[in-house]
Amino acid sequence: AQSVAQPEDQVNVAEGNPLTVKCTYSVSGNPYLFWYVQYPNRGLQFLLKYITGDNLVKGSYGFEAEFNKSQTSFHLKKPSALVSDSALYFCAVIPDTGGFKTIFGAGTRLFVKA
Amino acid sequence: DSGVTQTPKHLITATGQRVTLRCSPRSGDLSVYWYQQSLDQGLQFLIQYYNGEERAKGNILERFSAQQFPDLHSELNLSSLELGDSALYFCASSSSGGGSTDTQYFGPGTRLTVL
């Protein structure tokens, strides 16, 4: 079955420290990978996506993610966390094997402490 | 603000009832997607419409139906409501047919509470 795993329900980090939110996937064919962020009482906001090309993708608000095909991972990173980054983060994948269904991970809650 | 609008913001109703959720996509977007977000199921894709036609179907119950109108707005109809249908329902839109590279832009959601 095709799936996305976010192994951590919650990530805690101090402001100014680097942050990583993990994502691994299992799909047939090549994956198209996305990260979204959800603030309280808001819809999801697109952060970045990997389609092809450079494995390091840069996105909004200073976030970046690295596609690692051998480890089937797409971890989200930021060099210096802000308190305002505290939110719920979703990894998502669309397999390239046909069909248009987006598969979302369960989400990881990020807490950035001042 | 993503440009996707959803009404109403909140909806409280009773079991067995029927409700309609409405979504207006971003200007120029042809695809509309519906998602259900609940604590136990996470974010689940329900259905996608592209330019008025159903494009992809996910975990949508038979009690639920959707359509996209000529002006591209979409409605999600939920009938014979059960307590377990209480959730946040999101609409998203994208510019084209929802191919793998299409970015989806999400609305603020409709919170449905079934009592």
Side-chain angles (χ1 to χ4, degrees), chain A residues 1-10 23 25 27-53 57-60 63 65 67 74 87-109, chain B residues 1-7 9-10 21 23-26 29-51 53-60 87-111:
Chain A
Q2 312 205 81
S3 63
V4 175
Q6 293 182 241
E8 300 154 317
D9 290 338
Q10 185 170 311
C23 171
Y25 63 90
V27 298
S28 51
N30 292 313
Y32 300 107
L33 295 152
F34 300 76
W35 275 102
Y36 289 86
V37 59
Q38 184 179 26
Y39 297 99
N41 301 313
R42 303 280 294 274
L44 278 69
Q45 293 179 38
F46 169 76
L47 278 180
L48 50 81
K49 65 182 177 184
Y50 171 82
I51 303 302
T52 187
V57 179
K58 293 190 184 296
S60 307
F63 283 94
F67 172 61
F74 189 57
L88 188 56
Y89 290 80
F90 288 95
C91 180
V93 65
I94 302 177
D96 77 340
T97 48
F100 302 93
K101 300 176 190 178
T102 306
I103 304 164
F104 281 86
T108 297
R109 192 164 294 281
Chain B
D1 183 3
S2 67
V4 178
T5 61
Q6 290 186 248
T7 56
K9 283 191 74 172
H10 302 278
L21 313 183
C23 168
S24 292
R26 293 187 320 158
D29 281 0
L30 298 177
S31 276
V32 169
Y33 310 75
W34 285 99
Y35 292 89
Q36 180 194 58
Q37 186 179 33
S38 61
L39 282 174
D40 54 344
Q41 297 282 341
L43 195 59
Q44 299 280 321
F45 166 72
L46 295 179
I47 198 164
Q48 178 205 352
Y49 277 82
Y50 171 67
N51 207 19
E53 298 203 358
E54 183 182 305
R55 187 72 174 236
K57 215 164 186 174
N59 302 322
I60 188 166
L88 256 176
Y89 290 85
F90 286 109
C91 165
S93 73
S94 68
S95 57
S96 65
S100 302
T101 62
D102 228 10
T103 296
Q104 296 174 41
Y105 295 88
F106 283 74
T110 293
R111 183 172 292 281

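All chains are named by letter (A, B, ...) in the order of the sequence lines, taking the proteins before the strands, and each is independently numbered beginning at 1. This one's a predicted model, so the numbers in the text were calculated from it and none came from an experiment.
A:Tyr50 does not touch chain B: none of its heavy atoms, backbone or side chain, sits under 4.5 Å away. Contacts of A:Gln38 with chain B are made by side-chain atoms alone, with heavy-atom separations under 4.5 Å and no backbone atom involved. B:Gln37 touches chain A through its side chain: at least one heavy atom from C-beta onward sits under 4.5 Å away, while N, CA, C and O do not. For B:Lys57, the part sitting under 4.5 Å from any heavy atom of chain A is the backbone (N, CA, C, O) and nothing else.
You'll find the ring centres of A:Tyr89 and A:Phe63 inside the 6.0 Å limit.
For A:Lys58, the side-chain contact (heavy atoms from CB on, under 4.5 Å) partners are A:Leu56, A:Glu64, not counting sequence neighbours.
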(Q) Walk me through whether A:Gln6 and A:Thr108 qualify under side chain to side chain donor-acceptor pair (under 3.5 Å). (A) CA-CA 7 Å; A:Gln6 293 182 241; A:Thr108 297; 3.1 Å; yes
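By the neighbour-count criterion of 12 heavy atoms within 6.0 Å, atom CZ of A:Arg42 is sparsely surrounded, having that number or fewer from other residues, nucleotides or ligands.
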